[in-house]
Protein chains: 2
Amino acid sequence: MSDAPAGGPDRQPIWSRPERGSRGPAPAHSRDAIVVAAITLADTEGLAAVSMRAVAAALGTGAGSLYRYLSSRDDLLDLMTDRAVGELRPYPQVEGDWLETMVLLGRRQLALFGAHPWLLELIHRPSGIGPQSLAWFDNCIRILEPVRCPVAAKFEAIAMMTGVVSLFARRESPAGAFSFAGVDLAAYPHLVAAFSQPSGPAPRADLVERTLRSLLTGLLLGESTEAG
Amino acid sequence: MSDAPAGGPDRQPIWSRPERGSRGPAPAHSRDAIVVAAITLADTEGLAAVSMRAVAAALGTGAGSLYRYLSSRDDLLDLMTDRAVGELRPYPQVEGDWLETMVLLGRRQLALFGAHPWLLELIHRPSGIGPQSLAWFDNCIRILEPVRCPVAAKFEAIAMMTGVVSLFARRESPAGAFSFAGVDLAAYPHLVAAFSQPSGPAPRADLVERTLRSLLTGLLLGESTEAG
DNA sequence: CACAAATCGCGAACGGCGTTTGCGGTTTAC
DNA sequence: GTAAACCGCAAACGCCGTTCGCGATTTGTG
């Protein structure tokens, strides 16, 4: 009972837990090195390949040793998320139109999802709000300062923007069209009719930005219209 | 090798695989009974509690027996998803405004996510597009028939509507506000300033519908505006 | 009717996972 | 100097999805 791992009695979240105590030999690794190894693994082989054993092996050690630095795999995923969100920095210091600045931030998020597709599986977790995510929120609130609307609406809008960007990012991942192998198409007449008609022009390339603009103006400025 | 489970050489997806052959004793269970048990388990104890062993135990059998009816846990999750989507039926036969009909469908989806929160973790999977999901797509395409725009744009809009609804559904789940335990708030000045100011009026209740209306009109009708 | 083929339920087993535990050795605080 | 705290490590625990082999049962075919 006198020998508890770093997580030990982990009453408090990982963000406010010291990396190491003052006594004992110098650690062979570091929290950040573990997170970097995990992110590299996730980038190359997918999130499912990020097992404690695999991450430890990438660092040349055993799975159990990681628990000297974090208290659970969930902690590791939280750290991965926050570190990736940190890649959104530095934030553009545009002081002009807040809407265009937000759209720019949205494009940055989209690029981040492209660089780290595993983020799509992690951002929706209830935990995992670390310092970098807070800094990103803080920056968005700063940009939205000239907007006159309740704070709650701003938070809604920021969260919804992130969500919509993640939806677009998912669309661009290699998921691809479903296969109709062994499906009785006769049951879906409107679907086959739609597919059999000429496909028409390709969707516009700036769909994300247009959607974000419409979404943000609707959520932040449209509060007083259409009484009911 | 002459004794292969129902999944056997599962070249084709679960939707087009017969439930059982013609020979042999009558099965003690059924695919649907397994799926119902799994959904009940997910509704009450969450998706993480849906293990093959737990589902089998709920049916009074062993985990291995389930593989007579399906070939993997992923198959089970696909079946769960499709069966839940089937609860969206019967579809409203409104023949008036297509936009209002779509918004109504969106509200139905939101209610479905409320009834089965585990759906939020499953809809984004690349697999799992079963007959009920196809029927839902088919119905949406039917509703959007009067809209003059490329088919691809309609599919975009339907998928985006489902995605946005899922974002709102996630917001209403008991996730709740993040805790600032042990965080240095001084690093986020705009955040604390926003939180310290009076909260203002609560966000409008019909936020989902307004967002959906704006999104659908933007995606389906706004193609010709704003050249460049 | 006889018989082979196919399917059934079942329990044991395999490999992988996250996590815990106990140990010998190392560093620091008092 | 000594005791407490920390280190790396390897073994082990329990759960997971999945596979396999068994005896028993039903069906299609000659």
key: Side-chain donor or acceptor of Lys154(B) paired with backbone N/O of Leu144(B) under 3.5 Å   = yes

remark   = In Arg83(B), Arg73(B), Arg31(B), Arg125(B), the residue satisfying salt bridge (charged side-chain N to carboxylate O under 4.0 Å, His left out) with Asp78(B) is Arg125(B)

Derivation and outcome, side chain to side chain contact (heavy atoms under 4.5 Å, CB included), residues Met160(A) and Leu167(B) = CA-CA 7 Å; Met160(A) 203 52 62; Leu167(B) 294 178; 3.8 Å; yes

Nearest-Å distance for atom pair [atom1]/[atom2], residues [X] and [N]:
X	N	atom1	atom2	result
Arg23(A)	dT26(C)	CZ	P	18 Å
Arg68(B)	dA6(C)	CZ	P	14 Å
Leu66(A)	dG8(D)	CG	P	10 Å
Leu70(A)	dG8(D)	CG	C1'	15 Å
Asp75(A)	dG18(C)	CG	P	14 Å

List every contact pair, protein side and nucleotides 11-17 of chain D side both N or O, where the distance is under 3.5 Å.
unit_1, atom_1, unit_2, atom_2, d
dC16(D), OP1, Ser51(B), OG, 3.4
dG17(D), OP1, Arg73(B), NE, 2.9
dG17(D), OP2, Met52(B), N, 2.9
dG17(D), N7, Arg53(B), NH1, 2.6
dG17(D), O6, Arg53(B), NH2, 2.9

task = Tell me which of Arg20(B) and Ser65(B) sits closer to the 5' end of DNA chain D, going by the nucleotide each one is nearest to.
result = Ser65(B)

ask   = Contact class for Ser22(A) vs. all strands (heavy atom < 4.0 Å): base, sugar-phosphate, or nothing?
value = sugar-phosphate

inquiry  = Tell me whether the side-chain N/O atoms of Tyr69(A) come closer than 4.0 Å to OP1 or OP2 in dC7(D).
reply    = no

key: Phosphate OP1/OP2 of dC10(C) contacted by Thr61(B) side-chain N/O (<4.0 Å)   = yes

ask   = Do Gln109(B) and Thr162(B) have a side chain donor and acceptor closer than 3.5 Å?
value = yes

task = For this output row, return yes or no: ring centroids of Tyr188(B) and Phe195(B) closer than 6.0 angstrom.
result = no

ask   = What's the closest nucleotide to the Pro27(B) side chain, out of dT18(D), dG9(C), dC6(D)?
value = dG9(C)

inquiry  = Tell me every residue that passes ring pair (Phe, Tyr, Trp, His ring centres under 6.0 Å) with His124(B), counting only those two or more places apart in sequence or in another chain.
reply    = none

